[in-house]
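Here's the structure we're looking at; comments come further down.
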Amino acid sequence: PIDNTGLGLHLDATESDNFVMNEENKVSKWKLSNGVSERSAEQPVQNFMPVYNPVIMNGMPGVEFNNNFMKVLPEISSYTDLCIAVVYQAFSPGNCHPDWVHGSGIIDNYVENQTNSFGLSINRENEIVTRIGSESSQALTSMKKSHIVIMNRDVNQGKMSLYQDGINIG
């Protein structure tokens with residue numbers, strides 16, 4: 001168990017009670033694990049809903065995002081400090097352009113004003129890509145292997161860091 005008090009957003013695929021899904025396991029809403037915030041990840045359009053799989057990664061549950069996405073509501077401002085940790089396994093390179101395209105990726109908070117945007121994705125060059133405002137970082141990643149990626153932003157220091165499997169990659 002994780003002490004998730006104080007987190008603004010904590011989504012955990014091992015807590016299946018936090019999913020609202022249909023009979024095909026398509027997820028329309030992913031509720032927070034810590035319950036301290038009104039935020040959730042949502043996708044009302046059937047064709048864009050990710051799929052919950054109880055044994056997708058090393059026998060553990062996960063959510064499959066294949067050209068689909070969920071939106072965090074209410075939106076998060078990138079003017080604040082951020083720390084995003086994602087456990088993922090990419091089975092093939094993503095469809096994102098190397099320079100990023102809004103509306104696609106593992107996490108994408110697209111706001112018209114780029115300074116408020118942030119995201120994390122796998123692009124078609126097989127790179128993990130992060131973006132916060134106009135700052136971005138990318139590094140090669142390996143397919144068909146589980147990874148943990150941590151993206152961190154410290155507003156006061158004006159720094160963004162990217163770690164994959166405990167190694168600073170950007």
Legend entry - Interatomic spacing from CE in M49 to CZ in F65 - rounded to 0.5 Å: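 Going from CE on M49 over to CZ on F65, the span is 12.0 Å.
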Legend entry - Distance in Å, S28 OG paired with Q46 CD, rounded so as to fall on 0.5 Å steps: 9.0 Å
Inset, instruction - For G62 and A13, work out which heavy atoms get closest and say how close. - result: CA-CB, 3.8 Å
Inset, instruction - Check the pair V63, F19 against side-chain contact (heavy atoms from CB on, under 4.5 Å), reporting the backbone distance first and the verdict last. - result: CA-CA 10 Å; V63 179; F19 292 102; 3.7 Å; yes
Inset, instruction - Return yes if some donor-acceptor pair links the side-chain N/O of N58 with the main-chain N/O of M60 below 3.5 Å, else return no. - result: no
Inset, instruction - Take V27 and Q43 through the test side-chain contact (heavy atoms from CB on, under 4.5 Å) and record every step on the way to the result. - result: CA-CA 7 Å; V27 179; Q43 178 49 268; over 6 Å; no
Legend entry - Set of residues satisfying side chain to side chain contact (heavy atoms under 4.5 Å, CB included) with respect to K29, sequence neighbours excluded: V20, K31, S40, E42
Inset, instruction - Please identify each residue that fulfils side chain to side chain contact (heavy atoms under 4.5 Å, CB included) with M57, with sequence neighbours left out. - result: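 M57 satisfies side chain to side chain contact (heavy atoms under 4.5 Å, CB included) with V87, Q89, S146 only.
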Legend entry - Path from L11 to Y52 over hydrophobic side-chain contacts below 4.5 Å: yes
Inset, instruction - Establish whether V51 and F48 are linked, either directly or via other cluster members, by ILVMFWY side-chain heavy-atom contacts under 4.5 Å. - result: no
Without placing hydrogens or testing angles, list every side-chain donor-acceptor pair under 3.5 Å for residues 160-170, not counting sequence neighbours.
from, atom 1, to, atom 2, distance (Å)
Q164, OE1, Y88, OH, 3.1
Q164, OE1, T141, OG1, 3.2
Q164, NE2, T141, OG1, 3.4
D165, OD1, I148, N, 3.0
D165, OD2, H147, ND1, 2.7
N168, OD1, G170, N, 3.1

